[in-house]
Structures are given as C-alpha cells and as structure tokens.
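All values derive from a computational prediction rather than experimental measurement. Count residues from 1 along the sequence.
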Amino acid sequence: MVHEDIANVLQTREQIAIRIHELGGQISRDYQMLKADDELVIIPVLTGSIIFVADLIREIPLKMRISLVTVSSYPQTATESVGAKIVGGLPPDLAGKHVLIVDDILDSGGTIQLLRKEITRRNAQTVRVCVLLRKNIDSALQTPCEYIGFDIPDEYVVGYGLDYDNYYRNLPHVAVLKKDAL
Ligand code: IMP
Ligand code: MG
C-alpha cells in the first residue's frame, strides 16, 4: 500500500481542497473581465499536474480550452532537475490568447521559465502561471509565478499527482517519503 511508504504528510486532502477553492476564486475574479472574443487557454504540464488541474478548473466557471503539454526534467528516479525540455506539443496558435500554465511544483524553475518564454514568443496576450507547490529554495522563489497554492520546505514530495519514478501520484495528500522508499 502506498501509504506505508510515507514519512509525513505536508498537506492533507482537506487543506488542498480548501486552498484550491480559494485559488479558483482568485483566478476567476482576475480573468472575469475577459471579453467575449478573448480566449482563455489552460496549459497543464503533464504528468504531475493532472489531479491539481482537474480540481482547479472545476473551481473556475469561465469559458476555457485545455491544452496539455509535456516537459521532461526528472528522468525516472532522478530527484534533481537535469534541465527542462518540451517533449509534447504546445498548441501552435497561441497568438492573442490568455494563457494560464498549471504545474504541480516550482523547484528549479526551469520548466516554468521555459514554457513562459516559449508561450510569450508565440505572442500570447497574457501568460500567467499557477503552481500547487513552491519549494523554499532560491531558484523557485526567484521564478515569477502569479498563483501559488502552498510554500513548502525543500524536500522531495509525492502525492496528489506528484511522483517518484511514476509511483505515488494517487496519494490523496502531499507527503514526504520515508528514506528507504527512495
Ligand atoms: P523544475 O523545472 O525544476 O521547477 O521542476 C518542475 C518539475 O519537476 C515539476 O513539474 C515536477 O514534475 C518535478 N518535481 C520537482 N520537484 C519535485 C518533487 O519534490 N516531487 C515530485 N516531482 C518534483
Ligand atoms: Mg512536472
């Protein structure tokens, strides 16, 4: 059972639900002035954001499109980023659109910086970023990010979509693994 490998829980499913409700409200208010012909495009970063984005978008009652992107930065069992690369397509036509990038966690910042640069280069009208978690490290704190769920200590976390070697995404909370599970 996945729960047996957990050392401690950082955010419970209840805390996550409350925070996502707040974030959804904030995002909805910030984008509600979009005009009828403005387009909102949510770009979730696979795979870690799947559970977060599923919950978040149901708290945002605005007309939106979803377009998934894949960025690789942690191959298999690595727990340190080795440089981000877009491996699954960004939508070709982002010119004039309002883009909200959604990711699970801000760590080195490489993923978010790369996506923001690429999406800006495609002439999106606005580009904003929403992450569930931000690690307390300089690189993360220095990466611009408009919406942040929780600031957490610099530890490798799993659950609520975040993985270790593609395991533990199905844990309902955000947690730190026992040393012997890594
Ligand atoms: P960054 O490019 O270093 O900011 O890393 C972002 C990506 O690395 C995230 O989208 C996650 O998929 C992954 N990642 C970073 N830190 C963790 C962690 O503590 N647990 C699980 N995945 C992580
Ligand atoms: Mg990721």
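Judged as a salt bridge (Lys or Arg N to Asp or Glu O under 4.0 Å), and not counting sequence neighbours, the contacts of Glu146 are Arg116. In terms of the side chain to side chain contact (heavy atoms under 4.5 Å, CB included) criterion, Pro92 has no residue partners (sequence neighbours excluded). Listed by chain and number, the residues in a side chain to side chain contact (heavy atoms under 4.5 Å, CB included) with Asn136 are Leu141 (sequence neighbours excluded). Not counting sequence neighbours, the partners of Arg122 by the side chain to side chain contact (heavy atoms under 4.5 Å, CB included) test are Leu90, Leu94, Glu118. With sequence neighbours excluded, the residues forming a salt bridge (Lys or Arg N to Asp or Glu O under 4.0 Å) with Asp93 are Lys97, listed by chain and number.
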Quiz item: So Asp30 and Tyr147, side-chain hydrogen bond (donor to acceptor under 3.5 Å, both in side chains) or not? Walk me through it.
Solution: CA-CA 11 Å; Asp30 290 354; Tyr147 305 101; 2.6 Å; yes
Quiz item: When you look at His98 and Val41, which way does the side-chain contact (heavy atoms from CB on, under 4.5 Å) test go after all the steps?
Solution: CA-CA 6 Å; His98 296 272; Val41 182; over 6 Å; no
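Thr120 contributes atom OG1, which lies 10.0 Å from atom CG of Leu115 (distance to the nearest 0.5 angstrom). To the nearest 0.5 Å, the span separating SG on Cys130 from CD1 on Ile27 amounts to 4.0 Å. Residue Ile16 holds its CD1 atom at 12.5 Å from CG of Leu56, rounded to the nearest 0.5 Å. Here the CD1-OG distance, from Ile105 to Ser49, works out to 12.5 Å after rounding to the nearest 0.5 Å. Going from atom CG of Leu106 over to atom CG of Leu133 covers 10.0 Å, rounded to the nearest 0.5 Å. How far OH of Tyr31 is from CZ of Arg128: 4.5 Å, rounded to the nearest 0.5 Å.
In summary, Arg134 and Asp151 engage in a salt bridge, as defined by a charged side-chain N under 4.0 Å from a carboxylate O.
Here the shortest heavy-atom pairing between Ile20 and Phe52 reads CD1-CD1, 3.6 Å. In plain terms, the two heavy atoms of Ser28 and Ile60 that are nearest each other are OG-CA, 3.5 Å.
Evaluation of the salt bridge (Lys or Arg N to Asp or Glu O under 4.0 Å) test over residues 37-46, restricted to residues two or more places apart or in two chains, returns Glu39-Arg65.
For the pair His3/His173, a side-chain contact is recorded, criterion being any heavy-atom separation below 4.5 Å from C-beta on. Val45 is not listed as a side-chain neighbour of Asp104, based on a closest heavy-atom distance of 4.5 Å or more.
If you run side chain to side chain contact (heavy atoms under 4.5 Å, CB included) between Pro44 and each of Leu68, Leu100, Val69, Ile101, only Leu68 comes through. If you run side chain to side chain contact (heavy atoms under 4.5 Å, CB included) between Ile43 and each of Asp103, Ile119, Ile66, only Ile119 comes through.
In the model, Asp55 has a side-chain atom that pairs as donor or acceptor with a side-chain atom of Tyr160 under 3.5 Å.
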